[in-house]
Amino acid sequence: MIDMVGIGPFVTLPLVMGFMGPNFLLAWLVGAALAAVDGLIWSELGAAYPEAGGSYRFLKLAYGEQKWGRYMSFLYVWQTLIQSPLVLASGAIGFAQYFGYLVPMTEWWQPKAVAGTVVLLLVALLYRRIEDIGKLGVALWVGVLGLMAWLIFGGLTHPNHHVDIFPVGGFSALPGLLISAAMGQAAVKTIYSYLGYYNVCHLGAEIVNPQRVIPRSIFLSILGIAALYLLLNWSVGTVIPWQEVKAWQAGAGDKSQFIISVFMERLYGPAAAQAATALVLLVAFASLFAVLLGYSRIPYAAAADGEFLPIFGKLHPTKNFPYVSLLLLGGVGFVFSLLFRLGEVISAILAMRILVQFVGQAVGLILLRRRRGTASLPFKMPLYPLPVILAIIVWLFVFVGIAPAEVTWGGVTFKVYFQLAALGMMALGTGAFLLWSRRLGRWPFAR
């Protein structure tokens, strides 16, 4: 749950309002539903194969450890080199947005300077031996719960506007809403805020009784965070109506970028708003610290296992941490924080993850069931294969529906299609895998 809540819900809330209008709560329910369906896949894999590495191990096992499994797990780590800096950049950009409430920034470069500085500071803080971040995790979770409770209490005690939980126009409007372009864009933002429900699988080898703990952890996290997100969005919507949010987004000086600050200012005044903003910044920074720490270990672990480019297996000569991985991910995250806007980064994160990680694992589960059977599975998803098929269809729908971004470079405006970028990264990763495998004389160039 700590991994799921960082800056995400505070920056995606107004974006979802802008896309969905009066039906914005529906998008959060859709995000929770997709997380729950996908959570069945993670639960079955995590309970059956509780090993360190999560997706890296699942893909390798599902597609065969000596051939296609090596390729799929390589692609997963390869894409981590891009998608993890994107996650870092999204948090840094969100940090800069809320920092703008405390220190108004009128020049275009000022938010970018703040976001870039945050990334560089994180790299500097992590460029040392890290023994234990347990206290950081506890402090982060206490801060998240405290902030959420404060925000929800404020909305519950000061409601001024009606918020519809069910679709406006009744359930007859539901099918059209679910397949609409607006829902596709809103779902990308809500799913981004739910990501992390599966991170317990990365620690499978260190969990006592993982067959029971991993599925319970996944679904308790999804249900708990879904309840918090729905209450948070309902509370904010009863104080700041969606019509006002869309008006902000259509004009200059968009205050929706720090909507939580405006929300607290209306309820309790400027001092409380500044305190809440500071707490949002603290939660964002702490979560980014943990994100970069964790992601920098993925390429290192794969390289140490002999399944990724060996340069990432290098440790600092005196401080004993994977400095190559840290510097590369931090450097790419710094560049992304300067180049892109928040909505674009979130879309890119989903585009990079869907095909290899989410769809790849769903197909891999089918392969594992056919090859190894189900008699020894400690957790079996109900209604198989319906949840797997549904997850694949919805993930592909989300992938296809990711909107392009308009980028202006040197006076020329062009569109960036994140789907093509994701496919391009897969192609580059395939080339790198083939060159590396040929050098080692391994499949598909086995001597």
Side-chain angles (χ1 to χ4, degrees), residues 3 38-39 41-88 195-207 210 214 217-218 290-315 321-322 324-326 328-329 332 349-368 371-372 391 395 422 425-426 428-430 432-434 436-437 440 442-443:
D3 289 332
D38 192 56
I41 297 171
W42 283 92
S43 294
E44 187 165 310
L45 290 170
Y49 310 102
E51 304 174 35
S55 294
Y56 170 74
R57 286 297 299 161
F58 298 155
L59 291 169
K60 196 172 183 181
L61 289 170
Y63 292 90
E65 295 190 65
Q66 301 304 318
K67 294 185 178 182
W68 289 103
R70 286 187 58 245
Y71 169 67
M72 291 296 291
S73 60
F74 182 96
L75 274 190
Y76 167 70
V77 181
W78 175 266
Q79 291 192 327
T80 298
L81 302 181
I82 294 296
Q83 65 95 2
S84 57
L86 287 169
V87 174
L88 184 62
L195 293 180
Y197 52 86
Y198 44 76
N199 281 349
V200 65
C201 294
H202 298 155
L203 309 172
E206 303 170 61
I207 294 174
I214 287 178
S217 174
I218 288 173
V291 161
L292 183 55
L293 175 68
Y295 273 126
S296 65
R297 269 59 181 175
I298 293 177
Y300 164 75
D305 195 29
E307 296 295 345
F308 199 61
L309 306 179
I311 189 172
F312 291 97
K314 290 187 176 182
L315 292 173
F321 70 93
V324 173
S325 183
L326 174 67
L328 179 66
L329 298 187
V332 177
I349 290 169
L350 265 296
M352 289 293 169
R353 287 187 176 185
I354 286 174
L355 293 182
V356 174
Q357 187 175 24
F358 296 122
V359 175
Q361 278 186 187
V363 174
L365 176 62
I366 297 173
L367 297 177
L368 277 170
R371 190 165 67 247
R372 301 190 178 187
W395 279 125
M425 276 301 298
M426 291 175 65
L428 289 174
T430 300
F433 174 79
L434 292 174
W436 178 63
S437 295
L440 296 179
R442 301 176 71 179
W443 182 88

Are any of the side-chain heavy atoms of [X] and [Y] separated by less than 4.5 Å?
| X | Y | value |
| --- | --- | --- |
| Leu368 | Glu44 | no |
| Leu328 | Leu81 | yes |
| Val356 | Met425 | no |
| Glu307 | Glu65 | no |
| Tyr56 | Thr80 | no |
| Arg353 | Leu195 | yes |
| Lys60 | Asp305 | yes |
| Ser55 | Trp42 | yes |

Exercise for review: Decide if atom CH2 of Trp68 counts as having more than 12 heavy atoms of other residues, nucleotides or ligands within a radius under 6.0 Å.
Suggested key: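 No.
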**Study point:** Atom CD1 of Ile311 with >12 non-hydrogen neighbours under 6.0 angstrom
**Key:**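 Atom CD1 in Ile311 is not crowded, with 12 or fewer foreign heavy atoms closer than 6.0 Å.
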Point to revise | Steps toward side-chain contact (heavy atoms from CB on, under 4.5 Å) verdict (Tyr300, Leu315) | key: CA-CA 9 Å; Tyr300 164 75; Leu315 292 173; 3.5 Å; yes
Heavy-atom closest pair, residues [X] and [Y]:
| X | Y | result |
| --- | --- | --- |
| Ile207 | Val200 | CD1-CG2, 3.5 Å |
| Ser73 | Leu59 | N-CB, 4.2 Å |
| Leu75 | Met426 | CD2-O, 3.7 Å |
| Ala422 | Ala351 | CB-O, 3.3 Å |
| Ser325 | Ser296 | OG-O, 2.6 Å |
| Ile41 | Ala391 | CD1-CB, 3.9 Å |

Spatial distance of atom [atom1] ([X]) from atom [atom2] ([Y]) [nearest 0.5 Å]:
| X | Y | atom1 | atom2 | answer |
| --- | --- | --- | --- | --- |
| Leu350 | Leu355 | CG | CG | 11.0 Å |
| Leu45 | Glu51 | CG | CD | 11.0 Å |
| Leu309 | Phe433 | CG | CZ | 11.0 Å |
| Met352 | Gln357 | CE | CD | 13.0 Å |
| Leu293 | Leu329 | CG | CG | 11.5 Å |
| Trp78 | Trp436 | CH2 | CH2 | 12.0 Å |

Point to revise | Residues that Tyr295 engages under ring pair (Phe, Tyr, Trp, His ring centres under 6.0 Å), provided they are two or more places apart | key: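 Residues passing ring pair (Phe, Tyr, Trp, His ring centres under 6.0 Å) with Tyr295: none at all.
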Review point. With Phe308, which residues qualify under ring pair (Phe, Tyr, Trp, His ring centres under 6.0 Å), at least two apart?
Key: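 Here the qualifying residues are Phe74, Phe312.
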With a 3.5 Å distance limit and no angle check, can you tell me whether [X] reaches the backbone of [Y] through a side-chain donor-acceptor pair?
| X | Y | value |
| --- | --- | --- |
| Tyr71 | Tyr63 | no |
| Arg70 | Trp443 | yes |
| Arg297 | Pro322 | no |

Check your understanding: When you look at Asp38 and Tyr197, which way does the side chain to side chain donor-acceptor pair (under 3.5 Å) test go after all the steps?
Key -> CA-CA 10 Å; Asp38 192 56; Tyr197 52 86; 2.6 Å; yes
**Study point:** Residues in side chain to side chain contact (heavy atoms under 4.5 Å, CB included) contact with Ala301, at least two apart in sequence or another chain
**Key:**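 Ala301 satisfies side chain to side chain contact (heavy atoms under 4.5 Å, CB included) with no other residue.
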